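Along the sequence shown, residues carry numbers from 1. This one's a predicted model, so the numbers in the text were calculated from it and none came from an experiment.
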Amino acid sequence: MKNILYIVFIFFGFTISDSKFTLVKSIPVSSKNFTTDNLGNIYIINGSNLEKYDSEGNLLKTYSNKNLGNISSVDVTNSLKVLVFYESFQQIVVLDNMFSPSANPVSLEMLGYNQTSLVCTSHNNGIWIYNKQNFELIRFDENFQQTNKTENITRQIMQEVNPDFLIEQNNKVFLNDSAKGIFVFDIYGTYNKTIPLKGIGSFQISNDEIIYFKDGKLKSYNIKTLSEGEINLPTTEILYARSEKEKLYLLKQKSLDIYHVQNEK
């Protein structure tokens with residue numbers, strides 16, 4: 001079992017099965033949504049406010065634009081270009097690593113799309129959006145010129161979809177529908193396959209592993225080998241969990257707990 005866990009979770013940089021969890025800091029929060037970047041920085045969404053903490057839980061920056069309402073999602077795949085999406089106002093804001101807007105908010109309605117429900121960062125400073133009116137993905141380059149567009153996804157997979165998470169990693173675009181699975185496209189928008197993982201929301205991808213939180217555990221699914229793994233977490237009543245390098249981040253009702261993970265070997 002240890003060997004299996006080692007293979008599954010080697011992306012963390014440590015062997016969880018032989019590791020000790022030490023609570024580093026507990027940040028008081030009322031948020032139900034956070035993410036992390038590959039440096040271990042933490043981004044907590046709380047209404048119209050976005051807070052950035054370092055991996056030790058020290059507050060670094062805050063951002064808010066109350067004119068745009070509540071923040072719907074944040075993509076920190078590129079930590080130098082933080083993508084902030086406001087679904088209610090159909091606006092996008094791009095922040096630099098100091099949390100300063102790099103330009104004025106971008107109106108998706110002005111681009112011809114007023115029913116965008118998901119947004120994510122793409123390669124070469126591009127952006128993907130999911131247009132729920134026509135069930136399609138559209139990619140824009142850094143100048144917001146359209147470069148790629150999928151066909152109607154419901155026609156491709158022959159079923160209705162209701163996606164709730166979108167991310168591009170490793171030259172693939174992952175569109176999650178918690179009831180149907182994860183639809184995978186290439187970077188040109190061509191549908192490739194559906195991964196049969198259901199009942200999950202947002203997730204992380206490391207090499208060929210999809211890392212996700214479900215049923216109080218952190219789990220993995222290998223896209224190539226189809227192998228699965230899971231670990232028990234050091235506490236209960238967790239709403240969401242992520243991991244970056246030697247840190248484990250657990251969101252609870254009133255706190256976001258940061259654990260340092262040390263290999264006991």
Does the gap between the ring centers of Phe165 and Phe203 come in under 6.0 Å?
->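 Ring-ring flag for Phe165/Phe203: true, centres closer than 6.0 Å.
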With clusters defined by side-chain heavy atoms of hydrophobic residues (ILVMFWY) lying less than 4.5 Å apart, directly or transitively, does [Y] cluster with [X]?
X	Y	answer
Val74	Phe85	no
Leu256	Phe213	yes
Val94	Tyr63	no
Ile42	Ile45	no
Val173	Tyr130	yes

Is there a donor-acceptor contact under 3.5 Å linking the side chains of [X] and [Y]?
X	Y	value
Asn70	Ser48	no
Asp37	Tyr43	yes
Asn131	Gln115	no
Asp257	Ser26	yes
Glu230	Tyr212	no
Thr36	Glu244	yes
Ser79	Asn97	no

Exceeds 12 heavy-atom contacts within 6.0 angstrom, atom [atom1] of [X]:
X	atom1	answer
Glu237	CD	no
Glu109	CD	yes
Tyr188	OH	no
Lys81	NZ	yes
Lys198	NZ	no

May I ask you to test the [X]-[Y] pair for a side-chain heavy-atom distance under 4.5 Å?
X	Y	result
Gln145	Arg139	no
Gln204	Ile167	no
Tyr191	Ile153	no
Lys247	Glu56	yes
Asn125	Asp141	no
Ile182	Ile210	yes
Lys20	Thr22	yes
Val29	Leu251	yes

Mind running side chain to side chain donor-acceptor pair (under 3.5 Å) on Ser178 and Asp164 for me, showing each step along the way?
-> CA-CA 7 Å; Ser178 59; Asp164 51 21; 3.3 Å; yes
Contact summary for [X] and [Y], nearest pair of heavy atoms:
X	Y	answer
Lys252	Ile238	CG-CA, 4.5 Å
Lys172	Val184	CD-CG1, 3.9 Å
Thr116	Val119	CG2-CG2, 3.8 Å
Glu168	Cys120	N-SG, 3.8 Å
Ser72	Asn33	O-ND2, 4.0 Å
Leu233	Gly216	CD1-O, 3.8 Å

Using a strict cut-off of less than 4.0 Å between a Lys/Arg side-chain nitrogen and an Asp/Glu carboxylate oxygen, indicate whether Glu136 and Lys149 qualify as a salt bridge.
->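 Result for this pair is yes, salt bridge flagged.
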Pair Lys132 + Glu87, salt bridge at N-O below 4.0 Å =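 Salt bridge flag = yes for Glu87 with Lys132.
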Atom CD1 in Ile157, atom CD in Gln159: separation rounded to 0.5 Å?
->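 Atom-to-atom, Ile157:CD1 and Gln159:CD are 4.5 Å apart.
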Once you round to the nearest 0.5 Å, how far does OG1 of Thr147 lie from CD of Glu142?
->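 So the gap between those two atoms works out to 11.0 Å.
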Evaluate the side chain to side chain donor-acceptor pair (under 3.5 Å) criterion for residues Tyr240 and Ser202: first the C-alpha distance (whole Å), next the side-chain angles of each, then the deciding distance (0.1 Å), finally the verdict.
-> CA-CA 9 Å; Tyr240 181 51; Ser202 61; 3.0 Å; yes
Sole candidate of Leu23, Leu218, Ile258, Val24 that passes side chain to side chain contact (heavy atoms under 4.5 Å, CB included) when paired with Leu248 =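 With Leu248 as partner, side chain to side chain contact (heavy atoms under 4.5 Å, CB included) holds for just one option, Leu218.
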From Ile231, Asp208, Ile211, residue fulfilling side chain to side chain contact (heavy atoms under 4.5 Å, CB included) relative to Ser220 |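 In the set Ile231, Asp208, Ile211, the residue that makes a side chain to side chain contact (heavy atoms under 4.5 Å, CB included) with Ser220 is Ile211.
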Give the intermediate values and the outcome of side chain to side chain donor-acceptor pair (under 3.5 Å) for residues Tyr259 and Glu246.
-> CA-CA 8 Å; Tyr259 285 84; Glu246 294 87 11; over 6 Å; no
Should Asn152 and Asn134 be marked as a side chain to side chain donor-acceptor pair (under 3.5 Å) after you check the CA-CA gap, both sets of side-chain angles, and the distance that decides it?
-> CA-CA 6 Å; Asn152 184 309; Asn134 295 325; over 6 Å; no
